[in-house]
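Residues: numbered from 1 along the sequence shown.
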Amino acid sequence: MAAEIQASIVIVGGGIAGVTCAEQIASQFPSDEIFLLSASPLLKTVTNFKQVSKTLEEFDIEEKPSSDLENKFPNLRVVLSAVKHLKAKEHLVETESGQTFRYKKLCLCSGARPKLLIQENPLVLGIRDTDSAQEFQKRLSKARRIVVIGNGGIALELVYEVEDCEVIWAVKDKAIGNTFFDSGAAQFLIPSLQTEVRERTFSCKRARYTTGASPGGCSGELGSALGPDWHEGIELKGVQQSSTAVQIEYECEFEQIYSQQQLSHSGYSSEKSELGEWPAYVRLTNGKIYGCDFVVSATGVVPNTDPFLNGNDFELAADGGLSVNDHMRTSEQDVFAAGDVCSTSWEPSALWQQMRLWTQARQMGWFAARCMAADLLQEPIELDFCFELFSHITKFFNYKVVLLGKYNAQGLSHDHELLVRCTKGQEYVKVVLSGGRMVGTVLIGETDLEETFENLILNQMDLSPYGEALLDPNIDIEDYFD
Ligand code: FAD
């Protein structure tokens, strides 16, 4: 049996949370050997980090070989092997390659995987990492029609980016993009789906994925999650030239999938000739059946906790994530967690909520490193300011989208107010007010309002005297509140 390796700090996961955590801790303890254990051969690193405003941040992501990180931090060792078992009471982790590490502090950043509608059905794809995105591209290149199930960020991006292929999009809500938008914003975005020639986001250079060079030996199932612009540089084209229609089926979910043969033997066999010849048939809960080449399951993610649970006493949140307190500690001693694998269990600020997004993975990885350091140095540490206000910048349908605070009035009582300003094809501005104070906003398009609104949300100024003038396009709001 291989000798046990003594390590002061071990981090599991080569995604944004794990790599940020490893970088931060390696620079803070340059004479300690830090180990990063990753199932994926390429590591995700944050580059070109830019603090856009007090809480909004933008950055690029680069997938890099582990040697780059080791060269940058001489005290950081990257081990490319999945963790198969954790013995938290003994402070031991074991990798699939047979190595055992004894740690003082451990941070679990193993991400999440797609919540597939059906496991191990070749007609159902989930998109999570570079490998699955490539598989999707390959399958799409021969497809005439696909069915997309789900209403989160991935589905939103996907239906917009797919070309030359008919898309049936089943959403369980009354409007598209329910995770991010209300029905007003959804209405603003819908025409973009109907535009014949959509403006592609290829010119937006935020993330770079090196997809060719993946050294063998790591399980494809455990790759890092993709993130903003995952489709950049990947041509998402089917074979149905100049047919990019998106048909939306509202308020319905996936019910059943049939292969050709299964449909012939089902109660729906008589409908087969009407439906045409397809590799798969999908029945939705509204009773409709669609033939398609394959189904994309984009219905959320499940935290990757499996290798850590057996024999340990982790407290899990309702969504299956490892519960962490305001020091990113799990319920097992000296085990911290960050990113998609964890669920925050502290009483959040009135303006923040956890969402499994890239920015939060970076912030949590960074903060977990600082918490572990504070613990080792026996210093106190306060919850970081980034957890004060939820903030997210992204692009949907080629529009810049900024979300701040309780942008969808999440958890607010009915007496909140909404102010909306909308110019078709140009901008959509929504402000959420509670007790006369701004608590959230959705800004779509180049509104230039994010900084002013962020300040108004943070300083909780009473805005009742301004009423609707707050969104009057003839008032320069920036000057007004300067
Ligand atoms: P991951 O990036 O998933 O990394 C987990 C790491 O852990 C991987 O390296 C994996 O190999 C490793 N691992 C797993 N199990 C083990 C194990 N047992 N042992 C060792 N290593 C292990 N977010 C946004 O903010 N904006 C977007 O537009 C956006 N779009 C997205 C589009 C897609 C298609 C997807 C899938 C996600 C998107 N996200 C987006 C979400 C974002 O990518 C994730 O929230 C973020 O990447 C999570 O980072 P993480 O480090 O926690 O996990």
Which atom of [X] lies closest to which atom of [Y], heavy atoms considered:
X	Y	value
Leu76	Ala22	CD1-CB, 4.0 Å
Leu284	Cys252	CD1-SG, 4.0 Å
Arg113	Pro303	NH1-O, 3.8 Å
Ser132	Gly126	CB-O, 3.4 Å
Cys292	Val282	SG-CG2, 3.9 Å
Ala369	Cys21	CB-O, 3.5 Å

Looking at [X], I want to see if its [atom1] is surrounded by more than 12 non-hydrogen atoms of other residues, nucleotides or ligands under 6.0 Å.
X	atom1	result
Glu347	CD	no
Glu315	CD	no
Glu468	CD	no
Glu382	CD	no

Would the distance check show the side chain of [X] and the main-chain N or O of [Y] forming a donor-acceptor pair, the cut-off being under 3.5 Å?
X	Y	result
Arg283	Glu255	no
Gln24	Ser27	no
Trp169	Gly150	yes
Asn312	Glu332	no
Thr45	Glu62	yes
Gln410	Tyr407	yes
Ser297	Leu117	yes
Gln354	Thr344	yes
Arg356	Cys342	yes

Report yes if some heavy atom in the side chain of [X] is under 4.5 Å from a heavy atom in the side chain of [Y]; otherwise report no.
X	Y	result
Phe308	Thr330	no
Leu389	Leu458	yes
Ile146	Phe294	yes
Thr441	Glu450	no
Glu58	Leu56	no
Val432	Leu418	yes
Met364	Phe387	yes
Val46	Ile61	yes

**Centroid separation Phe180 to Phe396 less than 6.0 Å** = yes
**Request:** Measure from the ring center of Phe188 to the ring center of Phe181 and say whether it is less than 6.0 Å.
**Result:** no
**Request:** Evaluate the criterion side chain to side chain contact (heavy atoms under 4.5 Å, CB included) for residue pair Ile25 and Phe73; output intermediate values, then yes/no.
**Result:** CA-CA 10 Å; Ile25 206 90; Phe73 300 95; over 6 Å; no
**Message:** Quick one about Tyr428 and Asp182 (side-chain donor to acceptor, distance below 3.5 Å, no hydrogens or angles considered), yes or no?
**Reply:** yes
**Message:** Ignoring hydrogens and geometry beyond distance, is a side-chain donor-acceptor pair present between Thr55 and Glu454 at under 3.5 Å?
**Reply:** yes
Could you work out, with side-chain contact (heavy atoms from CB on, under 4.5 Å) as the rule, every residue matching [X], not counting sequence neighbours?
X	answer
Ser464	Asp462
Asn48	Asp60
Lys288	Glu249, Asn286, Tyr290

Give, for atom [atom1] of [X] and atom [atom2] of [Y], the distance between the pair rounded to the nearest 0.5 Å.
X	Y	atom1	atom2	answer
Gln247	Glu166	CD	CD	7.0 Å
Asp340	Leu322	CG	CG	11.5 Å
Glu135	Leu125	CD	CG	6.0 Å
Leu309	Phe314	CG	CZ	7.0 Å

**Complete:** Checking Lys50, Arg362, His392 against Glu57 for side-chain hydrogen bond (donor to acceptor under 3.5 Å, both in side chains), the one that qualifies is Arg362
**Prompt:** Asn151 pairs by side-chain hydrogen bond (donor to acceptor under 3.5 Å, both in side chains) with which of Asp173, Thr299, Thr179?
**Reply:** Asp173
**Asked** Given the rule in the side chain to side chain contact (heavy atoms under 4.5 Å, CB included) test, do Asp334 and Lys105 qualify, once you have shown the distances and angles that lead to the verdict?
**Response** CA-CA 5 Å; Asp334 296 321; Lys105 304 283 169 205; 2.5 Å; yes
**Asked** Which of these, Leu404, Leu443, Leu403, Val402, sits in a side-chain contact (heavy atoms from CB on, under 4.5 Å) with Ile393?
**Response** Val402
**Asked** Would Ile381 and Arg370 satisfy side chain to side chain contact (heavy atoms under 4.5 Å, CB included), going step by step from the backbone distance to the final call?
**Response** CA-CA 8 Å; Ile381 183 163; Arg370 292 199 46 235; 3.8 Å; yes
**Asked** Yes or no on salt bridge (charged side-chain N to carboxylate O under 4.0 Å, His left out) for Glu253 and Lys172, after CA distance, side-chain angles and deciding distance?
**Response** CA-CA 5 Å; Glu253 293 181 58; Lys172 66 177 184 339; over 6 Å; no
**Asked** Is there a side chain to side chain contact (heavy atoms under 4.5 Å, CB included) between Val341 and Thr305 once you walk through the steps?
**Response** CA-CA 7 Å; Val341 74; Thr305 55; 3.9 Å; yes
**Request:** Return the orientation label for the Trp358 and Phe59 ring planes: parallel under 30°, perpendicular over 60°, tilted otherwise.
**Result:** perpendicular
